[in-house]
Amino acid sequence: MYEVFRGVIPAAVMPFDASFEIDEHNFRRHLRHLAETDGVTAVAVNGDAGEVLSLSPEEQAFAVRVAVDEIGDQVRVLCGVADPSAAAAVRTAAMAQDAGAHGLLVFPSLFFAHGARLRADVVHAFYGEIASSTDLPMVLFVDAATSAKNVPAPLLAELCLANENITGIKDWSVDILAYEANLRAVRSLDRPVSMLTSFSRALLPTLALGADGILSGHGSLIADVQVELFREVESGNLKAARDTADRIYELTQVFYAAPVIDQFNRMKEGLKVLGRIDEAYSRPPVLPVSPAERSLIHDAVRAAGLS
């Protein structure tokens with residue numbers, strides 16, 4: 001039986017230096033801060049927040065090894081698998097297992113955007129090939145309900161039934177109706193599959209419907225607040241949960257404003273404000289935020305009372 005992922009799981013950003021090389025010192029600082037946050041149960045690397053699409057396979061392996069070395073004795077490490085082909089994804093899964101990762105966060109193939117949701121056999125083949133190649137538990141990333149890469153609830157349930165090492169869903173459907181359908185599909189299964197909300201701009205309603213945890217890039221900045229919110233909902237203290245959600249409302253509006261390409265370099269800017277990383281470099285084509293937006297980020301971080 002595979003152990004499911006529950007609780008608050010921040011998706012770590014990837015710090016770079018002025019030459020756009022991985023800044024190992026600040027990466028380790030960042031990972032350590034997340035792992036030492038009370039209530040954090042795992043940390044994800046090589047996800048969207050970690051700018052995985054800009055990392056070479058060698059850099060992805062390096063990120064996992066550093067994470068396992070730095071925090072693997074405190075929390076579990078999830079490795080993102082964001083490859084377009086099943087063969088490449090299998091290689092990434094093998095790398096993650098060899099590097100000591102405790103699980104995989106598997107993204108939908110970019111090829112799904114060409115209509116794969118109309119071919120359930122294609123979706124089954126992609127995830128099934130990865131699942132059969134590894135002993136690690138897998139968390140599936142559910143893309144926005146409006147995206148062609150979205151896997152709808154009935155197919156999601158089929159995938160879980162067909163692959164016993166699919167033990168969790170990271171739901172970023174960004175649609176409360178789709179979220180509830182996915183939640184009900186997962187809850188109908190005859191084995192535990194965790195539902196991890198990724199509605200960073202609206203965590204409270206998804207937590208209130210029912211969630212086993214939060215897996216979000218915004219956790220790289222506000223993991224402690226996410227823990228607080230998750231615990232308040234779990235304990236039934238809805239008034240306190242509303243107050244906590246109010247506290248970070250404006251913050252989420254700033255960090256998740258259009259264009260979404262800037263969401264993670266905004267978070268790096270926030271981490272720099274808080275002194276948790278030295279600089280906020282991202283690899284092109286992601287470019288630095290404007291001075292005006294930087295000022296908004298600084299104000300939002302301070303207004304939320306982050307420390």
Side-chain angles (χ1 to χ4, degrees), residues 4-13 34 37 39-44 47-50 78 80 105-108 139-147 149-153 156 168-187 193-238 240-264 266-267 270 300 304 306:
V4 301
F5 287 86
R6 300 180 185 275
V8 172
I9 305 170
V13 302
L34 296 177
T37 301
V40 165
T41 59
V43 173
D48 283 337
L78 265 173
L105 172 60
V106 184
F107 290 75
V139 175
L140 301 194
F141 184 112
V142 173
D143 214 332
T146 55
S147 168
K149 294 185 293 179
N150 174 266
V151 175
L156 203 58
I169 305 298
K170 169 185 158 74
D171 191 296
W172 191 67
S173 57
V174 202
D175 179 321
I176 198 66
L177 299 180
Y179 174 87
E180 183 168 5
N182 293 339
L183 176 70
R184 290 179 179 275
V186 165
R187 295 287 189 255
V193 175
S194 60
M195 189 69 167
L196 304 169
T197 176
S198 193
F199 278 43
S200 298
R201 294 182 69 177
L203 286 175
L204 181 54
T206 51
L207 291 173
L209 271 174
D212 300 298
I214 302 168
L215 203 173
S216 164
H218 209 191
S220 64
L221 184 71
I222 60 166
D224 55 339
V225 185
Q226 290 184 347
V227 169
E228 185 178 345
L229 182 62
F230 180 61
R231 287 174 171 172
E232 287 163 350
V233 174
E234 268 204 318
S235 67
N237 192 344
L238 192 55
R242 287 196 192 106
D243 290 343
T244 301
D246 284 346
R247 175 185 163 198
I248 59 172
Y249 178 79
E250 293 300 333
L251 189 77
T252 58
Q253 302 312 298
V254 170
F255 281 89
Y256 288 97
V260 294
I261 192 174
D262 284 326
Q263 58 188 325
F264 299 119
R266 290 171 184 147
M267 290 174 200
L306 303 185

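Residues in residues 247-256 take part in these salt bridge (Lys or Arg N to Asp or Glu O under 4.0 Å) pairs, two or more places apart or across chains: E228-R247. For residues 194-222, every residue pair satisfying the salt bridge (Lys or Arg N to Asp or Glu O under 4.0 Å) rule, not counting sequence neighbours, is listed here: R6-D212, R187-D212.
Residues that satisfy the salt bridge (Lys or Arg N to Asp or Glu O under 4.0 Å) test with D175, not counting sequence neighbours, are absent from this structure. Applying the side chain to side chain donor-acceptor pair (under 3.5 Å) rule to D262 yields the partners N265; only residues at least two apart in sequence or on another chain are considered. Listed by chain and number, the residues in a side chain to side chain donor-acceptor pair (under 3.5 Å) with R242 amount to none (sequence neighbours excluded). By the side chain to side chain donor-acceptor pair (under 3.5 Å) test, E232 is found to be paired with T244, residues two or more places apart in sequence or in another chain being considered. In this structure S147 satisfies the side chain to side chain contact (heavy atoms under 4.5 Å, CB included) test together with D143, A144, K149, sequence neighbours excluded. A search for side chain to side chain contact (heavy atoms under 4.5 Å, CB included) contacts involving I261 returns P259, V286, not counting sequence neighbours. F107 pairs by the side chain to side chain contact (heavy atoms under 4.5 Å, CB included) definition with D48, A82, L105, F141, not counting sequence neighbours. For D224, there are no salt bridge (Lys or Arg N to Asp or Glu O under 4.0 Å) partners, not counting sequence neighbours. Partners of N182 according to the side chain to side chain donor-acceptor pair (under 3.5 Å) rule, which considers only residues two or more places apart in sequence or in another chain, are D171.
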In sequence, state the C-alpha distance, the side-chain angles, and the governing distance for L78 and I9, and then conclude on side chain to side chain contact (heavy atoms under 4.5 Å, CB included).
-> CA-CA 9 Å; L78 265 173; I9 305 170; 4.3 Å; yes

Report, one line per pair, each donor and acceptor closer than 3.5 Å where one atom sits in a side chain of residues 216-223; sequence neighbours left out.
| residue | atom | partner | partner atom | Å |
| --- | --- | --- | --- | --- |
| S216 | OG | S200 | OG | 2.6 |
| S216 | OG | H218 | N | 3.0 |
| S220 | OG | G217 | O | 2.6 |

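Expressed to the nearest 0.5 Å, how far CG of D243 lies from CD1 of I248 amounts to 12.0 Å.
L229 has its side chain within reach of L204: a pair of non-hydrogen atoms, C-beta onward, lies under 4.5 Å apart.
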